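Everything on this sheet refers to the single structure shown next.
Note that ligands are numbered from 1 as they come in the structure, with each ligand's atoms numbered from 1 the same way. If you're wondering where the values come from, they're calculated on a predicted model, not measured in any experiment. Position 1 is the first residue of the sequence; numbering continues from there.
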Amino acid sequence: MQRSIYLRPVGLFTPRQASRDGEDDEVWGGLPLAGTRLAFTAVEVIERQASTGQGASVTRRVVGLGELFERDWGRSTLAASDLVEAMRAGRSRLAGLALDRPRIMGIVNVTPDSFSDGGRHAQAEAAIAHGMRLAAEGADILDIGGESTRPASDAVPVAEELARVLPVIQGLRAKLDVRISIDTRKAEVMRKAAEAGADIINDVSALSHDPEAAAAATETGLPVILMHAQGDPKTMQDAPRYNDVALDVFDYLERRIAALERAGLPRQRLLADPGIGFGKTLAHNLELMAGLSLFHGLGVPLVLGASRKRFIGALTGVEVAADRVHGSVGAALAGVAQGAQIVRVHDVKATRDALTMWEASTGGRVPV
Ligand code: 8Y4
């Protein structure tokens with residue numbers, strides 16, 4: 001199953017409150033985008049011939065909304081109107097959090113390469129302290145991960161992963177009222193993390209790594225972030241290949257959403273993420289960034305994780321990951337400007353300040 005037509009919302013702008021219709025948030029001159037403050041005025045119509053395996057042909061042209069609706073797109077008309085509806089529709093709250101303005105997910109790694117030495121207890125205490133700091137800096141969600149999924153990293157046994165993350169989830173849950181997401185690919189970690197108070201599941205394998213993950217995630221009743229990755233963390237950067245990276249990633253996420261819906265996980269509980277850096281070259285990452293709004297056609301909120309990743313180092317010439325703050329903030333803003341509802345970041349204070357300015361400067365929330 002592959003689509004022949006895709007639509008990417010373009011001509012984005014931020015209408016002032018007054019130009020929105022109170023009834024169903026209709027915007028004059030455009031359509032509201034995915035429950036955000038943005039609206040789109042046109043779409044890029046992307047057509048591709050059925051993939052033959054090598055270099056399938058893709059054509060793109062920008063079409064105003066008027067022409068899109070007047071024109072007969074033949075067999076693609078139904079598919080196109082489904083995509084417009086998916087892009088236009090509002091999004092469900094995420095664990096009670098409204099996604100009508102960009103939200104920050106702060107990263108809390110509980111791996112030996114982050115808060116090391118001093119033993120298990122000290123590691124948990126350090127991670128909890130870090131999470132509390134990120135919450136104070138303005139994180140809406142804290143993403144707790146005990147399995148390093150950075151390129152070329154090794155697998156972690158389930159007992160070790162549980163020992164790392166559970167005390168941190170329990171500790172943060174007792175101290176804060178932020179949302180907590182569990183970054184894991186394992187069914188058992190999903191179940192135990194949910195019991196410990198996690199609100200969201202974040203799976204870089206889109207519930208495909210562990211054969212029990214889809215059932216486990218469904219049973220928790222929690223929302224799930226489905227991220228695209230090509231290959232396993234160990235080998236994914238070896239020679240990533242796509243026919244068209246954005247369209248291939250879209251197809252994958254669309255298939256995962258449909259399969260999980262059939263398995264009993266409703267779409268309203270799903271989020272999607274193109275997986276920057278996971279089996280992607282620099283050119284692939286930039287294509288995904290530039291074409292990000294395409295993914296609103298999935299009909300679910302979008303998560304973008306670009307923070308401190310290697311492609312930022314490559315473009316800015318900053319070798320040390322921790323020093324990639326400014327590049328990371330730029331990437332997060334670029335994502336938010338295309339309607340990404342959630343950005344996953346290390347540098348919460350810097351990102352919060354940037355988003356405060358972006359919101360206030362585009363007719364949105366003014367904090368004072
Ligand atoms: C420096 C610092 C270099 C961090 C690389 C990294 C994502 C994710 C990761 C993402 C979602 C990472 C768990 C990779 N990335 N989850 N997780 N989206 N949803 N690498 O992009 O941060 S781990």
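A salt bridge between Asp82 and Arg3 is absent, with no side-chain N of the basic residue lying under 4.0 Å from a carboxylate O of the acidic one. Using a cutoff of 4.0 Å between basic side-chain nitrogens and carboxylate oxygens, Asp251 and Arg48 are scored as salt-bridged. The pair Glu188-Arg191 meets the salt-bridge criterion, with a side-chain N (NZ, NE, NH1 or NH2) lying under 4.0 Å from an Asp/Glu carboxylate O.
Interface atoms of ligand 1 facing Asn202, defined by a heavy-atom separation under 4.0 Å, are 11 (C), 13 (C), 16 (N), 19 (N). Within ligand 1, the atoms closer than 4.0 Å to a non-hydrogen atom of His346 are 2 (C), 4 (C), numbered from 1 in the order shown. Atoms of ligand 1 lying under 4.0 Å from any heavy atom of Asp183, numbered from 1 in the order shown and given with element: 13 (C). Less than 4.0 angstrom separates some heavy atom of Arg308 from each of these atoms of ligand 1: 1 (C), 2 (C), 3 (C). Remark: ligand 1 atoms within the under-4.0 Å shell around heavy atoms of Val204 are 8 (C), 13 (C), 16 (N), 17 (N). Close approach of ligand 1 to Phe278 is summarised as follows: ligand atoms under 4.0 Å from at least one heavy atom of the residue are 7 (C), 9 (C), 14 (C), 15 (N), 23 (S).
Atoms CZ and CD, on Arg164 and Glu147 in that order, are 9.0 Å from each other to the nearest 0.5 Å.
Looking at Lys309, Arg344, Arg310 and measuring to atom 21 (O) of ligand 1, the nearest heavy atom belongs to Lys309. For atom 11 (C) of ligand 1, the choice among Asp273, Ile225, Leu304 with the nearest heavy atom turns out to be Asp273.
Smallest separation of non-hydrogen atoms from Arg344 and Asn202: NE-ND2, 4.1 Å. Annotation for Thr111 and Ser148: closest pair CG2-N, 3.7 Å, computed over non-hydrogen atoms.
The N/O atoms of Gly275, backbone and side chain alike, include none that comes under 3.5 Å of an N/O atom in ligand 1. Considering backbone and side-chain N/O of Asp143, none are found under 3.5 Å from N/O of ligand 1.
Counting Ile, Leu, Val, Met, Phe, Trp and Tyr side chains that sit under 4.5 Å apart, directly or through other members, Ile200 shares a hydrophobic cluster with Leu94, Leu97, Leu99, Met105, Ile141, Ile225, Leu271, Val303, Ile342.
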